[in-house]
Amino acid sequence: MPQTLTPPAAAQAPVPGASPDPELRALAERHGLTVSGARPSLPEYTRQLWQRRHFITAFATAKVTATYTTAKLGQLWQVLTPLLNAAVYYLIFGVLLGTKNNVPDYIPFLVTGVFVFTFLQNSVLTGTRAISGNLGLVRALHFPRACLPVSFCLAQLQQLLFSMGVLMAILLSFGQLPTWSWLLVVPALTLQFVFNTGLAMVMARLGARTPDLAQLMPFILRTWMYASGVMFSISRILQGRHLPKAVEILLNGNPAAVYIDLMRFALIDSFTHEQLPPHVWAFAGGWALLAGAVGFVYFWKAEERYGRG
Amino acid sequence: MAEHKSTGRDGRTDTDRPPQAAGDPVPTVIADNLHIVYRVYGTGAGKGGATAALNRIIRRRPATGVREVHAVKGVSFTACRGESIGLIGSNGSGKSTLLKAVAGLLPAESGKVYTHGQPSLLGVNAAMMNDLTGEKNVVLGGLAMGMSREQIRERYDGIVDFSGIQEKGDFISLPMRTYSSGMAARLRFSIAAAKDHDVLMIDEALATGDRAFQKRSEARIRELRQEAGTVFLVSHNNKSIRDTCTRVLWLEKGELVMDGPTEEVVAAYEAHQ
C-alpha cells in the first residue's frame, strides 16, 4: 500500500545530529551494508590507489595531450615549449646581459635550474587546483581522490622528460659528452617526483578548502625560485662570506636547491662534487620521504570531505 | 526465515511488487534520517566589489559570505535488490542532492546512508575530457570506474555500439567537444552502463537522448535490475518513470512526501501539479 509519510520528527525541526534509527542501523549491519562515503583505512586507501594506477597514468597522459590538442602544431609543442624557454633565457642572460656570474657553462647551468624548478613549480600549482579545479569529476565518479594530485604530478614529470630531452641536446651542442654520471638523473628525478607529489597533495587539500591559494601560490613560488639558486650558484655566493650558520643551512637544505644541484651535478661536467652542499643525497632522500609521507597522510585525512559545497 | 524478518520490520518496503527479484528483499541502500546542508561561500553582502571585500576584512566581519542551504531534510528509505526507484519532485526539491549523498559524493550533515558496495552516479554533467576523442574518453571513464584495461577492451565495441554515435559517421575518433549535447550524454551513459553496478543512479541522463536511445537505455536499466542491482532514476519525464520504475519517491523541499508503487505516487504527483 502506498502511504503518505509524515516526515520524521527531526525533519520538522531540523536538528543536525538527531539520533539515527537503531533499527535501520541493525538492518544495515545484518546485510553487510557500509556507510556511504566513509573514509577507508590508510592501508585500504593505499590499496585502492594502487588499483587505480592505470587510471592515474592514463589521466596524466590525457592531461598532457589535451593541453596541446587545439594547437595546430599539436604535440610538437611538448618539445617546442622547453626549447623556446631555453632560447629566451639564452637570449637574455647569454647574449643581452652577458652574465656568467663566474659560473662555467652558464647556459646549461641556467637551463637545468629553470627546468627542474619549473617541474616543482607546476606540480605545486596544478596540485593546488587538483581538487578545486576538478570538482565535476570529483562529484561525478568515485575513486581515491589522491589519484588527482598524483596524476597531475605525473603529467608534469612527462613534460619534464621532454624538457630533459631538449636539455640533453643543448648539453651535447655545448660539447658535453654523455658520461656515466648522467645516470644519476634517474634517482634524482625519482626523489624529486616523490617530493613534488607529497607537496602537491598538501596543497591539494589546502586548495580544496581555500581556492584563494591558487591566486597566492605564484607569488610564493616566485620568491622560492629566487632563493633556490636557479640563476646563480649558491655555493659561490656562500664562498668567502660570513653568513649566519642558520641562513647557510637554510640555503643549502632548501629542497628546490638540493634537487637542482643534484641535476646539475649529474649532467654538467664543470659542476663538480665540491659545489654540492654537504649531505646532499641525504637531504634529497629525507625531503622526499618527509613530503611524501606527510602529504599522503594529510591528504587522506580529509578524503571524505573533498567535493563538498 | 531470515528474509521474512527483514521484510516485516520495515513497513515501507514490503509492498508486493511483481518485478522483484525472487521474493526476498535484500536491502542495498538504507538512508537513515538523512540531512544535507550545502554551504555556499561568496554570496553575502550582495556586492562583490574589491572595496566591499576589503571593507569587510578591515571591519572583521568574516562570516557574511556564508549561506546555508538545507537541501535534504530527514529522508529515510530502504531500497532493495532488484528495485528500480524513480525520484520525482519539482526543480530544486533535493533529488540530485539525495543521489549524490547516496553515492557518497556529498557528506551528510547528520543521519547516515548505508550502501552495499559502491553506488555509481551518472549525471548529465559527469565530467569527461572534452579535448580528448570519444575513444580515449571511453577508456578513461572505464578506468575511473575501476574497470581493468582488459575489461574495457572486451566491452569497448559494446559501449560504442550502444551509444549509437557511430551511426552518423566516425565520431568516436573526434574530440568530445565536437559532439552535440545529446551525443555526449549518450556516450557517458553507455560508459557508465557498461559496468555491472550493485547500485546505479541516473540523474536525468536519459532526457537528452533521442527516442531510439531512450528505448535502448530503458532496456539496459531493466537488465541491470535483473542482474540483482538497484537502479535510481531522476527524471521529469513521468512516462519514462512509469516505463522503468517499480517504486517512486516523491521529494518536495527536501522532504519525502510520498513513497510507494509507481502508478499511485505518479498519479498523486500529477494531481498535485
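Worth saying up front: this structure is predicted, and the values here are computed from it rather than measured. Letters go in sequence order (proteins before strands), and every chain restarts at 1.
Within a 6.0 Å radius of CZ in Arg129(A), other residues, nucleotides and ligands contribute 12 heavy atoms or fewer. Heavy-atom neighbours of Arg209(A) CZ from other residues, nucleotides or ligands within 6.0 Å: at or below the threshold of 12.
Heavy atoms closer than 4.5 Å to chain A are found in both the backbone and the side chain of Ala144(B). Proximity to chain A is absent for every atom of Val72(B), based on heavy atoms less than 4.5 angstrom apart. Heavy-atom distances place both the backbone and the side chain of Ile30(B) under 4.5 Å from chain A. If you measure heavy-atom distances from Arg145(A) to chain B, the contacts under 4.5 Å come from the side chain alone. Residue contact with chain B, scored on non-hydrogen atoms closer than 4.5 Å, is absent for Ser151(A). Contact annotation for Gln51(A): neither backbone nor side-chain heavy atoms come within less than 4.5 Å of a heavy atom of chain B. Neither the backbone nor the side chain of Ala268(B) comes within contact range of chain A; no heavy atoms are under 4.5 Å apart. Using a 4.5 Å cut-off between heavy atoms, Val69(B) makes no contact with chain A at all.
Between Phe59(A) and Leu140(B), the shortest heavy-atom distance links the atoms N-CD1, 3.6 Å. Nearest approach of Ala58(A) to Arg149(B), heavy atoms of both residues: CB-NH2, 4.0 Å.
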Leu27(A) vs Thr78(B), side chain to side chain contact (heavy atoms under 4.5 Å, CB included): CA-CA, chis, key distance, verdict: CA-CA 10 Å; Leu27(A) 180 69; Thr78(B) 303; 4.1 Å; yes

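Under the side-chain hydrogen bond (donor to acceptor under 3.5 Å, both in side chains) criterion, Thr133(B) pairs with no residue, sequence neighbours left out. Scanning for side-chain contact (heavy atoms from CB on, under 4.5 Å) contacts around Thr197(A) gives Val150(A), Cys153(A), Phe193(A), Met201(A), with sequence neighbours left out.
Within the model, atoms CE of Met147(B) and NE2 of His54(A) stand 13.0 Å from one another, a figure rounded to the nearest 0.5 Å. Atom OG1 of Thr65(A) sits about 4.5 Å away from atom NZ of Lys136(B), to the nearest 0.5 Å.
Between Leu33(A) and Thr28(B) there is no side-chain heavy-atom pair separated by less than 4.5 Å. The shortest side-chain heavy-atom distance between Tyr114(B) and Thr34(A) does not fall under the 4.5 Å cut-off.
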